[in-house]
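Quick caveat: nothing in here was measured; it's all calculated off a predicted structure.
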Amino acid sequence: MATDTLRSGASAGGLRRLLLDNGALTALIVLVIAMSALSGDFLTTDNLLNVGVQAAVTAILAFGVTFVIVSAGIDLSVGSVAALSATVLAWSATSHGVPVFIAVVLAVVTGIAAGLVNGFLIAYGKLPPFIATLAMLSVARGLSLVISEGSPIAFPDSVSHLGDTLGGWLPVPVLVMVVMGLIAALVLGRTYIGRSMYAIGGNEEAARLSGLRVQKQKLAIYALSGVFAAVAGVVLAARLSSAQPQAADGYELDAIAAVVIGGASLAGGTGKASGTLIGALILAVLRNGLNLLNVSAFWQQVVIGVVIALAVLLDTVRRKAGATPVAAGAGGPGGKGRQAATYGLAAVVTVAIVGATSFLHNGSSSTAEPKVGLSLSTLNNPFFVQIRSGAQAEAKKLGVDLTVTDAQNDASQQANQLQNFTSSGLGAIIVNPVDSDAASNSVKAADKARIPVIAVDRGVNKASVDALVASDNVAGGELAAKTIGEKLGGKGKIVILQGQAGTSAARERAEGFAKGLKAYPGIQVVAQQPADFDRTKGLDVMSNLLQAHPDVQGVIAANDEMALGAIKALGSKAGKSVSVVGFDGTPDGLNAVKDGTLYASVAQQPSQLGKIAVDNALKAIDGKKVEEMIKVPVKVVTKENVAGFTG
């Protein structure tokens, strides 16, 4: 009896230890099972491949960050370095005719150079890693914008194949992720520099006293992180068919999260490549599953934050329980054999439970409502919120099941969302592209799956859409220029607040402003600065410009949000000595027009854009003919006609 009790206790303790030692793997298994139970679209071959593709860039970045965190450092610059490396590749290959192979080498060298600068500032300049890499984050992003002049650069076709599939089904990004993961595991577990990382992370002073050249090792560690960032940037740009200067914004946080979730300690000394891969897969499964379940992108951020906190809490519990630290190379062959057995057992358990769970969705009757997905570039802007409102109202009226996602101005995140829509087998997809070039591969995939695609507000380059529902941004820009020109009597000093660099709307509206102002040679543009379509930035930028140009008489803003920020900066001058023209016709903008502080807004009637997009998506689902180009007219709204404008 006592023996049975001891055996039972030992068994329970062994299971508890197994779960603590493999917390990230346990969490991944639970997530896969939960998502399979909640969504019948999750457990499909196409969607599982989507998860792999969506994890690839984060995982590759995270492998490089693993080196840094194991050595008790931090690298906040990897996202910006990835964007810079991809921009250097595209710029050198397309604008300067450099052979593609050499351009790829230049991209990798760029990553190495950025890493070496980080390492030098930390090892020899004695800057804290947080500060040194934060500075590089800003420098690399700025250089990316300078080189690209704020616009995406098309990627060479020979490199774009990195975003394709082998044999028509196996995604190349997944293969690159696996290769880079094996390299990371080899570096950590089998090389001198890998052992140095653990030594420095465990106790830097002890490592130095034992004869380790810590400063040189730190240079190598951060250079390695730069190499992995460069590869991630190339893979990301290949997926988007273009180098986006704003690409991978915030990805450094995802990379750090993947490393921490995978079992590494921010205090250094522990971590392994397999754990990092599991962490990246957890983030990808979360985002993919939450998209399929139509959970708001805002709530997705909350969930991921909670997961990170739980991962750190689990690490604390594991240490208190005396669980085995996750240091690569720890233990002998027996330990590695047990680890392999653990992974094998996990795979068997997952397949068995998921297989049983899948019966929940078998035989379930599909809804009679046609399903449509709407991917918006952002919901942090009232214009796109109105598009969503118009689309939702029309969908409710017509009995359409509408799923709305928010790409948060991230072309890569939008590509993931469109992939999820395609693998879910929706009746139609409506896309408001973050960037017209970056959306092309995802739209091609939807076309291949015979899913109608309706573009709204912005077109999709190098891909076929069934219809484009849009107003003309260039024509709207010309109207804005004409409005300010007539208001000022054809002469005066003005400033232009531009939209977010790299977005098609910002480029097209700026083009329209320039065209329209040619008719007014007496109008002098004293300054043009981007304010990223944001009200707060509009306020800050306008406040700064007023210091240099206090006698300005007019302002053209590429949207109403920036115009409202400018009005705040102008104070009592707005609507009196300074005339401000906005763009979009948002509710706040129209209220400012009524108050007289905003002279005019070039209104695009966004709710109509959403409504018409849903109408045409339903027509396409029913096999009816839709027009390729559907123009929603823009209208200049002033105090004289604002009362009759319905939006």
Side-chain angles (χ1 to χ4, degrees), residues 246 249 291 294-301 372-395 402-418 421 429-436 438-439 442 453-460 465 468-473 476 497-509 530-538 557-565 582-590 601-614 616-617 630 632 634 647:
Q246 295 285 10
D249 187 21
N291 279 341
N294 197 19
V295 175
S296 162
F298 305 139
W299 278 109
Q300 289 182 34
Q301 292 185 33
V372 175
L374 168 59
S375 175
L376 289 167
S377 57
T378 180
L379 285 174
N380 290 333
N381 185 310
F383 176 78
F384 300 105
V385 172
Q386 285 184 280
I387 290 180
R388 179 187 65 179
S389 298
Q392 287 176 330
E394 189 69 3
L402 182 68
T403 299
V404 182
T405 61
D406 172 13
Q408 298 179 315
N409 277 325
D410 182 343
S412 176
Q413 187 167 331
Q414 184 166 64
N416 294 342
Q417 292 168 355
L418 293 175
F421 283 161
I429 295 172
I430 303 172
V431 58
N432 161 236
V434 172
D435 180 80
S436 299
S442 300
V453 179
I454 310 295
V456 62
D457 186 49
R458 303 166 187 163
V460 179
V465 296
L468 169 61
V469 182
S471 51
D472 193 328
N473 276 316
L497 298 182
Q498 301 167 324
Q500 186 174 30
T503 60
S504 56
R507 294 196 303 272
E508 291 165 3
R509 293 177 188 185
D532 297 346
F533 294 127
D534 183 81
R535 189 182 303 197
T536 302
K537 290 184 180 179
N559 78 340
D560 285 345
E561 286 295 288
M562 293 187 296
L564 293 169
F583 209 117
D584 284 344
T586 63
D588 284 352
L590 296 178
S601 178
V602 179
Q604 289 188 284
Q605 307 183 76
S607 60
Q608 286 296 309
L609 291 174
K611 174 183 179 299
I612 295 170
V614 170
N616 282 273
I630 302 163
V632 178
V634 294

Closest non-hydrogen atom pair between [X] and [Y], with its separation:
X: L497; Y: M562; value: O-CE, 3.5 Å
X: V632; Y: S471; value: O-CB, 3.1 Å
X: D532; Y: K537; value: OD2-NZ, 2.8 Å
X: R509; Y: A558; value: NH1-O, 2.5 Å
X: L374; Y: A391; value: CD2-CB, 3.9 Å
X: G459; Y: A455; value: CA-CB, 4.4 Å

Would you say the side chain of [Y] lies within less than 4.5 Å of the side chain of [X], judging by non-hydrogen atoms?
X: Q413; Y: N291; result: no
X: F383; Y: N559; result: no
X: V372; Y: I430; result: yes
X: V431; Y: I454; result: no
X: P587; Y: Q386; result: yes
X: R535; Y: D588; result: yes
X: D534; Y: E561; result: no

- Stepwise side chain to side chain contact (heavy atoms under 4.5 Å, CB included) check, Q604 with D457: CA-CA 9 Å; Q604 289 188 284; D457 186 49; 3.7 Å; yes
Flag, side chain of [X] to backbone of [Y], donor-acceptor distance under 3.5 Å:
X: S601; Y: G585; value: yes
X: Q417; Y: D406; value: yes
X: N473; Y: E508; value: no

Point-to-point distance, once rounded to the nearest 0.5 Å, from [atom1] of [X] to [atom2] of [Y]:
X: R388; Y: L379; atom1: CZ; atom2: CG; value: 5.0 Å
X: N432; Y: T378; atom1: CG; atom2: OG1; value: 9.5 Å
X: F384; Y: D584; atom1: CZ; atom2: CG; value: 7.0 Å
X: Q608; Y: E394; atom1: CD; atom2: CD; value: 9.0 Å
X: I630; Y: L468; atom1: CD1; atom2: CG; value: 8.0 Å

- Task: Apply side chain to side chain contact (heavy atoms under 4.5 Å, CB included) to the pair N409 and Q246, showing each step before the final yes or no.
- Result: CA-CA 9 Å; N409 277 325; Q246 295 285 10; over 6 Å; no
- Go through the structure and list residues passing side-chain hydrogen bond (donor to acceptor under 3.5 Å, both in side chains) with Q414, not counting sequence neighbours.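 S375.
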- CA sep, side-chain torsions, deciding dist, call: F421, T403, side chain to side chain contact (heavy atoms under 4.5 Å, CB included): CA-CA 9 Å; F421 283 161; T403 299; 4.0 Å; yes
- Query: What do the steps show when you test F533 against Q500 for side chain to side chain contact (heavy atoms under 4.5 Å, CB included), and what is the final call?
  - Reply: CA-CA 6 Å; F533 294 127; Q500 186 174 30; 4.0 Å; yes
